[in-house]
There are 2 protein chains.
Amino acid sequence: MATIRDVARLAEVSVSTVSLALSNPGRVSPKTLERIRDAVAAVGYVADPLAQSLARGRSRMIGFVVGNVGNPFFGDIRRELENYALEHDHFVLITDSSGKLDRERALVEHLAGLKVAGLVLAPSGHGRDYVDFVHGLKIPTVCFDQKVPGIERDFVGSDNYLAGAMLTEHLLQLGHRRIAFIAGPHHMHTASERLRGFTDTMASAGVEVRPNLVVDGQFTRSAGYEAAMRLLIQPERPTAILGANNAVALAALQAMQELGFNCPDDISLAMIDDVQWSNVITPRITMVVQDTLKLGGIIARRVLHRIMSPEGAADPPQDFVLTPRFVPGASCRRI
Amino acid sequence: MATIRDVARLAEVSVSTVSLALSNPGRVSPKTLERIRDAVAAVGYVADPLAQSLARGRSRMIGFVVGNVGNPFFGDIRRELENYALEHDHFVLITDSSGKLDRERALVEHLAGLKVAGLVLAPSGHGRDYVDFVHGLKIPTVCFDQKVPGIERDFVGSDNYLAGAMLTEHLLQLGHRRIAFIAGPHHMHTASERLRGFTDTMASAGVEVRPNLVVDGQFTRSAGYEAAMRLLIQPERPTAILGANNAVALAALQAMQELGFNCPDDISLAMIDDVQWSNVITPRITMVVQDTLKLGGIIARRVLHRIMSPEGAADPPQDFVLTPRFVPGASCRRI
DNA sequence: GGTAGCCATCGAACCGGTTCGATAGTTCAG
DNA sequence: CTGAACTATCGAACCGGTTCGATGGCTACC
């Protein structure tokens, strides 16, 4: 592997001139520049990113930290970020915290050690400690999905209150009154907002929400399955189930199928967020989806803006909240 | 951030002794070792991974390169690798080539520049150039999923011939004769092996394979959908469709649903590889699945073995081929 | 008692770049 | 013709570690 000294020797200039020529071509005489460029081509020189990062104190990499890279929601955003970053000569390091707080922390610290230029983070923590931790990072950071109160960082996400409200309203208009809600972890902003959208809308319609029809599904498949089972074995079963995310809703569908209930004839179902193969799932689930491509685009532009422009770095943190979209399916019946 | 010189100053030893003490505690006197350890704790010293990698010429990171990190097959393997790597103090860098050859190459080169200790690669290329490229990497590498002929590297994968043969045999035993096959890219080893398993088994049973019933689905959803459509609009429709992977098979299911065909009453369907929500897809698809956890375990152990032990580095390349498992569903009817 | 051998520690060079103050050489105004 | 201002280039220090040959003190053997 050729080093910068090989280039310098061949071009008969000093090492510092080569470095200058490559990072700031305008400040070197045309003649010298040409000699250096020829030499670079001749020895096939490529700067060592490690050495560059060490010397500069920062790399051209962007850390991407989410709870589950397999989730298509994160996948779309990742793809947008990767493409945009690549156009601007940056490289995305993907990491997966499995939703575990300590793992996330270790990952972020590792990325900070790698001196990443920026960080795109779907937070899985909350509370004072966590806020302090994120705040202590001297790295341009864009948070998304989970809005963590107190974190003074850019945030990009969807209107989760509205998402919960839209589906609730839809079910109410179809005549449902006994609507169950499978919630996510209460400390997660998305989860609490979606729940709030549900309860508020029910209240506005003057419909009582029975406490035993609001169950916790932890946003996971297994907990969602158990929660759904608890709902389905009640004597007064709900006529509709609203899943706060894709995992709990599909777990509920599975539970229904296993117990012999037909959806939507026996029980209606609606969910927030799509899954990859939703259009071969029978029935097509009625849902509210986020505009992942747009979210990804905003995230990408925002983080690279902060990284690359001096005024961008100084920009005060800003929130970007998108309106989710209602996608009708065949899983909700009029009663 | 504290540096090694801060530690040296506080412990009143030289920098080189600190370095020695941390990397090889046995070669430093107990007294000195203790002073150094106290100093490390006092200043909160953590070695800069970048500087270490630069000096050592290699990092403690493992590059993971696949075509689609959203695919649960890769997800399971990634998780196994991450856990095992973490236990051995290594860190996995995930990258996604989107199945594009040039992108994969750029990623691998970037990882090489980062001086990764090892590489876990699901190749998406083939041919002389590609083999030379991979061969030129002076990095412990484990390839998986795609067996590329000529690459002298460890390989971990499943018996794809058998996978194709098992499902074909199953359909034959149910009485099917007009069986269609939606294939993958012919240059991919998994695709060609699965197809070979199909044609061989058909031939052994003395059943003719009509050329127009073998279509190319490129292993993608969109191409699979088109291929399925071509099959379904033929006057002599197949009685069963065998999808060479999950994407083309589910795309076929979608096409059937859209054209009003019932599965399995009108047409049976079987596929190779699972998807995340397969058990809420109606009908439950009959399939052959790979033991992803085991594959991931083998991959993880193999690459870390090569990285960490001197004899491991010298081991000749080896192939590990696992037997896939038949998972009956409700998508294949006796005729 | 002299010296061979070992052990703990150190200094210096190195990994491959960046950065900044210093130094010539050139241009231009007075 | 002098000196200020600017330009092109360079040397040295630095980023934060690792590595290896050198050094000096100590034990042990003859």
Side-chain angles (χ1 to χ4, degrees), chain A residues 1-37 39-40 43-61 89 91 109-110 112-117 138-139, chain B residues 1-37 39-40 43-61 89 91 109-110 112-117 138-139:
Chain A
M1 202 78 289
T3 76
I4 199 172
R5 305 181 207 261
D6 299 328
V7 176
R9 201 173 309 128
L10 189 57
E12 297 181 304
V13 293
S14 74
V15 167
S16 47
T17 304
V18 177
S19 178
L20 186 64
L22 295 177
S23 61
N24 206 336
R27 271 175 44 191
V28 155
S29 78
K31 268 178 24 200
T32 314
L33 184 57
E34 200 193 321
R35 280 219 316 285
I36 290 175
R37 291 212 162 131
V40 165
V43 301
Y45 169 72
V46 181
D48 182 329
L50 238 41
Q52 276 191 138
S53 304
L54 179 62
R56 285 208 251 249
R58 70 138 108 173
S59 68
R60 299 187 75 79
M61 303 187 290
D89 202 25
F91 182 85
E109 269 162 2
H110 201 106
L114 256 32
K115 306 203 173 41
V116 289
K138 299 297 171 223
I139 304 173
Chain B
M1 204 76 284
T3 76
I4 198 172
R5 309 190 200 253
D6 299 328
V7 176
R9 201 173 309 129
L10 189 57
E12 297 179 306
V13 293
S14 75
V15 168
S16 48
T17 304
V18 177
S19 178
L20 186 64
L22 295 177
S23 61
N24 206 337
R27 271 175 43 191
V28 156
S29 76
K31 266 178 25 200
T32 315
L33 184 57
E34 200 193 323
R35 281 220 315 287
I36 290 175
R37 290 209 162 135
V40 165
V43 301
Y45 170 73
V46 181
D48 182 330
L50 238 41
Q52 276 191 137
S53 304
L54 180 62
R56 285 209 251 248
R58 71 137 106 175
S59 69
R60 299 187 76 78
M61 304 186 290
D89 201 24
F91 181 84
E109 270 164 1
H110 201 106
L114 256 31
K115 307 207 172 38
V116 290
K138 299 295 171 225
I139 303 173

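In what follows, chains carry the letters A, B, and so on, assigned in the order in which the sequence lines appear, proteins first and then strands, with residues in each chain numbered from 1. Owing to the predicted nature of the structure, the values given are computational and were not obtained by experimental measurement.
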Here the distance between atom P of dC15(C) and atom CZ of Arg58(B), to the nearest Å, is 18 Å

Atom CG of Asn24(B) and atom C1' of dC10(C) are separated, to the nearest Å, by 16 Å

Heavy-atom neighbours of Glu34(B) CD exceed 12 at 6.0 Å: no

Here the distance between atom C1' of dC20(C) and atom CZ of Arg56(A), to the nearest Å, is 16 Å

Pick base, sugar-phosphate or nothing for Val46(B), based on heavy-atom distances below 4.0 Å to the nucleic acid.
sugar-phosphate

Separation of dG17(D) atom C1' from Arg9(B) atom CZ, nearest Å, is 15 Å

Check: Would you say dT9(D) has OP1 or OP2 under 4.0 Å from some side-chain N or O of Thr17(A)?
Finding: no

Check your understanding: Just checking Val15(B): base, sugar-phosphate only, or nothing, at a heavy-atom cut-off of under 4.0 Å?
Key -> base

Check your understanding: Which part of the nucleic acid, if any, lies within reach of Val7(B) when heavy atoms closer than 4.0 Å are counted: base, sugar-phosphate only, or nothing?
Key -> nothing

Closest to the side chain of Gln52(A), out of dT18(C), dC10(D), dT9(C), is dT18(C)

>> Suppose we call a contact any N or O donor and acceptor under 3.5 Å apart; does that hold for the side chain of Ser16(B) and the base of dG11(C)?
In response: yes

Rounded to whole Å, CZ of Arg60(B) lies from P of dT18(D) at a distance of 11 Å

Tested for side chain to side chain contact (heavy atoms under 4.5 Å, CB included) against Leu20(B), the lone hit among Val13(B), Val15(B), Val28(B) is Val28(B)

When rounded to whole Å, the CG to P distance for the pair Leu20(B) and dA8(C) reads 10 Å

Closest non-hydrogen atoms of Ala117(B) and Arg58(B), given as atom of the first, atom of the second and distance, are CB-NH1, 3.9 Å

- Query: So, does the side chain of Arg5(A) form a donor-acceptor pair with the base of dG16(C) at under 3.5 Å?
  - Reply: yes

**Prompt:** So what does Ser19(B) touch, heavy atoms closer than 4.0 Å: a base, only the sugar-phosphate, or nothing?
**Reply:** base

For dT9(D), take OP1 and OP2 only and decide whether either is under 4.0 Å from a side-chain N or O of Ser29(A). yes

Sorted by position of nearest nucleotide on DNA chain C, 5' first, the leading residue of Thr3(A) and Arg27(B) is Arg27(B)

ask   = Should we count CD of Glu12(A) as having more than 12 external heavy atoms under 6.0 Å?
value = no

Closest to the side chain of Ile4(B), out of dT9(D), dG17(C), dT18(D), is dT18(D)

Separation of dC15(D) atom P from Asp6(B) atom CG, nearest Å, is 11 Å

dist Ser19(B):OG -> Ile36(B):CD1 (nearest 0.5 Å) comes out at 9.5 Å

Rounded to whole Å, CG of Leu54(A) lies from C1' of dT18(C) at a distance of 10 Å

message = Using OP1 and OP2 only, check whether a side-chain N or O of Tyr45(B) sits under 4.0 Å from dG16(D).
response = no

